[in-house]
Q: 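Here's a structure for you.
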Amino acid sequence: MAKTQMNVRVDETTAQAARERALAQGVSVNRYIEELVQRDAAEVGRSFVDAAADFMKSYEHLFAEEFGPSETGGNGSGSLPKA
């Protein structure tokens with residue numbers, strides 16, 4: 001993966017915290033910040049999947065009424081349309 005240079009300005013307290021945490025983890029400040037961004041991006045993805053699962057659980061009965069029971073046990077009487 002190609003690397004791109006990026007300059008970021010933070011206050012001295014934040015910069016010192018980043019340096020200390022990077023040192024404690026045995027990585028460069030660049031790597032530490034890169035990992036933070038990657039974790040944050042992954043969390044957004046997990047949040048979306050969790051929200052979608054909650055939505056499906058909340059409305060499962062309506063989908064079952066419209067399309068039939070799911071393989072995990074809906075309460076509808078029809079069947080899912082074939083693709």
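The model shown is predicted, which means the values in this text are computed figures rather than measured ones.
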Q: Going by heavy atoms in the side chains, are Val37 and Glu35 under 4.5 Å from each other?
A: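 Side-chain contact under 4.5 Å: no.
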Q: Should we say atom CZ of Arg21 is surrounded by more than 12 heavy atoms from elsewhere, each under 6.0 Å from it?
A: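 Count not over threshold, so no.
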Q: State whether the side chain of Thr14 and the backbone N or O of Val10 hold a donor-acceptor pair below 3.5 Å, judged by distance alone.
A: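 No, Thr14 side chain to Val10 backbone: no donor-acceptor pair under 3.5 Å.
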Q: Could you work out, with salt bridge (charged side-chain N to carboxylate O under 4.0 Å, His left out) as the rule, every residue matching Arg19, not counting sequence neighbours?
A: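 For Arg19 the salt bridge (charged side-chain N to carboxylate O under 4.0 Å, His left out) partners, ignoring immediate neighbours, are Glu12.
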Q: Taking all non-hydrogen atoms of both residues, which atom of Asp11 and which atom of Thr13 are closest, and how far apart?
A: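 What the structure gives for the nearest pair is OD1-N, 3.0 Å.
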Q: Are Lys3 and Glu34 ion-paired here, with the side-chain N under 4.0 Å from a carboxylate O?
A: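 The answer is yes: the pair qualifies as a salt bridge.
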Q: Could you tell me which non-hydrogen atom of Ala22 sits nearest to which non-hydrogen atom of Tyr32, and how far apart they are?
A: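 Nearest heavy atoms, Ala22 then Tyr32: CB-CB, 3.7 Å.
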Q: In terms of hydrophobic clusters joined by side-chain contacts under 4.5 Å, are Val27 and Val8 together?
A: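 Result: no, two separate clusters.
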Q: Under the salt bridge (charged side-chain N to carboxylate O under 4.0 Å, His left out) rule, collect the residues that match up with Glu20, sequence neighbours excluded.
A: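 Result, salt bridge (charged side-chain N to carboxylate O under 4.0 Å, His left out) vs Glu20: none returned.
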Q: Tell me every residue that passes salt bridge (charged side-chain N to carboxylate O under 4.0 Å, His left out) with Lys57, counting only those two or more places apart in sequence or in another chain.
A: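 Applying salt bridge (charged side-chain N to carboxylate O under 4.0 Å, His left out) to Lys57 gives none.
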